[in-house]
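Here the structure comes first, spelled out in C-alpha cells, and everything after it is commentary.
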Amino acid sequence: MWHAAGMPVDALPVAEHDGAEEFEEHRGRLFSVCYRMLGSAAEAEDVVQDTYLRWAAADRPGIVIPAAWLTKVAVNLSLNRLASARVQREAYVGPWLPEPVATGGPAGAPLGPLERAEQRESVSVALLTLMERLTPAERAVFVLREAFGYGHGEVADVLDISEAASRQAHRRARLRLAEDRRRFEPSDRRWREVVDRFLDAAQGGDIDALHAVLAEDVVTYSDGGGKVTAARIPIAGRDRVGLFLGRLVGMVTREHVLAAVDVNGVPAIMVLLRGDIIAVFSPEVADGRIAAMRIVVNPDKLGYFARQMAARG
C-alpha cells in the first residue's frame, strides 16, 4: 500500500539509511512535482538540489515520513520561485512556453507514470501553459490534487493552510483553467498518426498535406524568448498558420533532421541542425487534426531536452 505522497506507509524512518541514498529514492518524484509547479526543467533541477541541501542539514532522525517532508520543502521552494518568475515572465519577449521534457522512457521518467490520459495531461505543454494564469498557491494545490492525488488535508499540511482554503484554491484553479482547456485526445495511436502526417508533409515539403492536417481554428505559439527569431504573437486560423508553417518548412535544408519523439507525454517533433536540437514542435491534437502547435526555439529552454537526447544516444 502506498501513501498519497508516494512512499510505502510502513517505510522505515530515514535515520536507518544514509541521507544521500535515501534522498535519491525521492529525487525523480520531487523533480516531477517541481517541474509541474514551475514549467521549467532547469529550475526544477535547481529546486531539487536546494531541497537536498536542506535535507542534508536537517535533523533526519526526527523525520518520520521523508516523502512528506521533502515534498513540503520542494513545493515551498517552488512557490518562492514562482513569485519572482511572474515578474520575469511579464517582461518575456513573445509567448512564454514551458520547457520540453522528453518522455517515453521507463515508467515515463523523469515525469513519473504517464499511462493514463489524465497523467499525460498533467504534464502536457498545453496545460502547463494554461497554468500560468493561476496564482502560485492555486497552482500548488492544483498540481498536488490533480497530478498526485493528494487529499485536501494533505495539501493543507504541505502548504500550511486550512482544508477549506485548499478546497477554495482548487475550485478557483479549475474555474480559471476550464475556459480554454480543450478535451484531451485519449488515443496515443491517433495522436501519433496525426504527428506522422505532419512530419511526412514537412519533410516532403508538401504544403497542401500540411494544411490538411490543421484544424480550421488552429493556433500556433512560438517561444524564442528574444534569443532567436520567432513570431511574437500567436498566429490563428488554418490559412495563416499554414502559411507560417509553410515558410518554416521552406527553410528546411539537407542539414536539418526532423524526428518524432515523445515530449511531455505525447508524440511531438524535434528539429536538429548539424546535430544540435534547435526546435521542439509540440502539437495539440483534437478530432484527428492539430488544434494547436507550440514551438520552442529559445536555446535556453532546450538544454535539458538536449541532454536527455544525448543520454539516449
Non-neighbouring partners of Gln119 that pass side-chain contact (heavy atoms from CB on, under 4.5 Å), sequence neighbours left out =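 Listed in chain order: Pro113, Leu114, Glu115, Arg116.
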side-chain contact (heavy atoms from CB on, under 4.5 Å) with Leu243: which residues, sequence neighbours excluded?
->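 Residues passing side-chain contact (heavy atoms from CB on, under 4.5 Å) with Leu243: Arg247.
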Would [X] end up clustered with [Y] when hydrophobic side chains under 4.5 Å apart are linked, directly or stepwise?
| X | Y | answer |
| --- | --- | --- |
| Trp96 | Leu130 | no |
| Leu144 | Leu175 | no |
| Val228 | Met293 | yes |

How far apart are the closest heavy atoms of [X] and [Y], and which atoms are they?
| X | Y | result |
| --- | --- | --- |
| Val47 | Ser78 | CG1-OG, 3.8 Å |
| Val195 | Ala268 | CG1-O, 4.0 Å |
| Gly19 | Trp55 | O-NE1, 2.8 Å |
| Leu128 | Ser122 | CD2-O, 4.2 Å |
| Asp50 | Arg81 | OD2-NH2, 3.8 Å |
| Val263 | Ser282 | CG1-OG, 4.0 Å |

Within this structure, what is the [atom1]-[atom2] distance for the pair [X] and [Y], rounded to the nearest 0.5 Å?
| X | Y | atom1 | atom2 | result |
| --- | --- | --- | --- | --- |
| Glu132 | Leu177 | CD | CG | 11.0 Å |
| Phe148 | Thr71 | CZ | OG1 | 8.0 Å |
| Ile63 | Asp59 | CD1 | CG | 7.0 Å |

So, does [X] use its side chain to make a donor-acceptor pair with the main chain of [Y] at under 3.5 Å?
| X | Y | value |
| --- | --- | --- |
| Glu99 | Ala42 | yes |
| Arg54 | Leu70 | no |
| His211 | Asp208 | no |
| Trp191 | Val285 | no |
| Arg238 | Leu214 | yes |
| Gln308 | Val101 | no |

Side-chain heavy atoms of [X] within contact of [Y], under 4.5 Å:
| X | Y | result |
| --- | --- | --- |
| Asp160 | Lys72 | yes |
| Glu25 | Glu21 | no |
| Leu79 | Met37 | yes |
| Ile290 | Phe281 | no |
| Val125 | Tyr221 | no |
| Val143 | Met131 | yes |

Run the salt-bridge test on [X] and [Y] with the 4.0 Å N-O cut-off and return the result as yes or no.
| X | Y | result |
| --- | --- | --- |
| Glu146 | Arg36 | no |
| Arg197 | Glu193 | no |
| Glu216 | Arg289 | no |

Is it the case that over 12 heavy atoms from other parts of the model lie below 6.0 angstrom from the [atom1] atom of [X]?
| X | atom1 | result |
| --- | --- | --- |
| Ile233 | CD1 | no |
| Arg232 | CZ | no |
| Arg176 | CZ | yes |

With under 30° as parallel and over 60° as perpendicular, where do the rings of Tyr304 and Phe31 fit, or are they tilted in between?
->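 The rings of Tyr304 and Phe31 lie parallel, inter-plane angle below 30°.
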Donor-acceptor contacts, no H, no angles, side chain residues 294-303, under 3.5 Å, sequence neighbours left out:
residue : atom : partner : partner atom : Å
Arg294  : NH1  : Glu284  : OE1          : 2.9
Asn298  : OD1  : Asp300  : N            : 3.0
Asn298  : ND2  : Tyr92   : OH           : 2.8
Asp300  : OD2  : Lys227  : NZ           : 2.2
Lys301  : NZ   : Leu97   : O            : 2.4
Lys301  : NZ   : Asp223  : OD2          : 2.6

Table please: side-chain donor-acceptor pairs of residues 269-277 below 3.5 Å, with sequence neighbours left out.
residue : atom : partner : partner atom : Å
Arg274  : NH1  : Glu255  : OE1          : 3.0
Arg274  : NH1  : Glu255  : OE2          : 3.3

Will you find, in the side chains of Arg145 and Ser166, an N or O donor that is under 3.5 Å from an N or O acceptor?
->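 There is no such pair (donor and acceptor under 3.5 Å, judged by atom type) between the side chains of Arg145 and Ser166.
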Looking at residues at least two apart in the chain, or sitting in another chain, which of them share a side chain to side chain donor-acceptor pair (under 3.5 Å) with Ser222?
->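 If we apply the side chain to side chain donor-acceptor pair (under 3.5 Å) test to Ser222, skipping adjacent residues, there are no hits.
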Kindly determine whether Gln49 and Arg27 satisfy side-chain contact (heavy atoms from CB on, under 4.5 Å), including the steps that lead there.
-> CA-CA 9 Å; Gln49 185 60 27; Arg27 181 182 290 274; 4.1 Å; yes
Intermediate values then yes/no, side-chain contact (heavy atoms from CB on, under 4.5 Å), Arg172 and Val141 | CA-CA 10 Å; Arg172 285 198 307 265; Val141 172; over 6 Å; no
Worked check of side-chain contact (heavy atoms from CB on, under 4.5 Å) between Asp200 and Gln203 = CA-CA 5 Å; Asp200 289 343; Gln203 290 175 323; 4.1 Å; yes
According to the side chain to side chain donor-acceptor pair (under 3.5 Å) rule, which pairs have a member within residues 260-269, sequence neighbours left out?
->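 Output for this query lists Tyr35-Asn264, Arg192-Asp262.
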